[in-house]
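Here the structure comes first, spelled out in C-alpha cells, and everything after it is commentary.
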Amino acid sequence: MSALADLVELVAGRKSRFFVMALSEYWKSIIANTVPILVGGGLVVGGFDYLTKDRGHDIEMVKIGVQILRVDPNKNPEIGDAGREWAMRLINRYSGESLTVSEMDQLRTSPIVDWYNDNTPNSVLYGAGYKRITPSKATAQFIWENDKELVDQIAAHNLQCEKDASCLE
C-alpha cells in the first residue's frame with residue numbers, strides 16, 4: 001500500500017500503534033536528512049554574502065578621509081593635527097591598504113594634491129596633451145582612405161574626451 005493509503009487507514013482508526021511508530025521513524029529520518037542540508041545551504045549562502053558584501057560604506061569613509069587631507073594644513077589650521085590623524089586612520093581602516101610611515105609624515109604637513117587633473121607639474125596630465133584629436137583636412141582625408149581602424153580609434157577618443165572633465169580643450 002502507498003503511504004497515503006496507510007495514512008488514511010491510520011486516521012480511520014484501522015492501523016495499529018506499530019504503524020504510528022513506523023511513521024514517526026519515517027519523519028525522523030526525513031528531518032535528520034533535511035535539516036543538515038538546509039543548515040548547510042544557509043551557511044553557504046550567508047558566507048558568500050559576507051564575502052561579497054557591498055563596500056559602499058568603506059568607500060564613503062575613505063572619501064571623507066581624503067577630503068579632510070586635501071585641505072592645506074598651513075592655510076586652514078582649524079582642522080588641526082588631530083583631524084588629520086583621524087582622517088589617516090579612516091583611510092587605513094576602510095581602504096584595505098595602510099599608509100606608510102613616510103606617507104603619514106608627509107600628510108601631516110601637506111595636503112593631498114589633486115594630481116590627476118589640475119594641469120600643474122604634479123599632474124598626470126601635465127604635458128600629456130590629452131585633447132581632442134583634430135587632424136587637418138588633408139590628414140583626415142588620408143587617414144579616412146587608408147586606415148579605417150585609426151578612424152574608429154580617433155572617433156572613440158574624441159567621444160571620450162567630450163565626456164571627460166580632464167580633457168584639455
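Just so you know, these numbers come straight off a predicted model, no measurement behind them. All values below were derived from every heavy atom in this structure, side-chain atoms included, with hydrogens, water molecules and symmetry-related copies excluded.
Atom CD of Glu97 is surrounded by 12 or fewer heavy atoms from other residues, nucleotides or ligands within 6.0 Å. Annotation: Lys137, atom NZ; neighbour count of heavy atoms from other residues, nucleotides and ligands within 6.0 Å does not exceed 12. For Asp105, the CG atom counts as densely surrounded, since its 6.0 Å shell holds more than 12 non-hydrogen atoms of other residues, nucleotides or ligands. Atom CD of Gln106 has 12 or fewer heavy atoms from other residues, nucleotides or ligands within 6.0 Å.
Partners of Thr134 by side chain to side chain contact (heavy atoms under 4.5 Å, CB included), not counting sequence neighbours, listed by chain and number: Arg132. The side chain to side chain contact (heavy atoms under 4.5 Å, CB included) test applied to Glu145 returns Gln141, not counting sequence neighbours. Scanning for side chain to side chain contact (heavy atoms under 4.5 Å, CB included) contacts around Thr100 gives Ser102, Glu103, with sequence neighbours left out.
A distance of 9.5 Å separates CG in Asp72 from OG1 in Thr109, rounded to the nearest 0.5 Å. Distance check, rounded to the nearest 0.5 Å: CD of Glu162 to CD of Gln160 gives 10.0 Å. Atom NE2 of residue His157 and atom CG of residue Leu159 lie 10.0 Å apart, to the nearest 0.5 angstrom.
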Show which side-chain atoms of residues 82-92 pair as donor or acceptor with protein atoms under 3.5 Å away, not counting sequence neighbours.
unit_1, atom_1, unit_2, atom_2, d
Arg84, NE, Leu107, O, 2.8
Arg84, NH1, Val71, O, 2.9
Arg84, NH2, Leu69, O, 3.3
Arg84, NH2, Leu107, O, 2.8
Arg84, NH2, Ser110, O, 3.0
Glu85, OE2, Arg108, NE, 2.4
Glu85, OE2, Arg108, NH2, 3.3
Asn92, OD1, Leu99, N, 2.6

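Cluster partners of Phe142 are absent, since no Ile, Leu, Val, Met, Phe, Trp or Tyr has side-chain heavy atoms less than 4.5 Å from it. Clustering of Ile, Leu, Val, Met, Phe, Trp and Tyr side chains at separations under 4.5 Å places Ile143 together with Ile133, Trp144, Leu150, Val151, Ile154.
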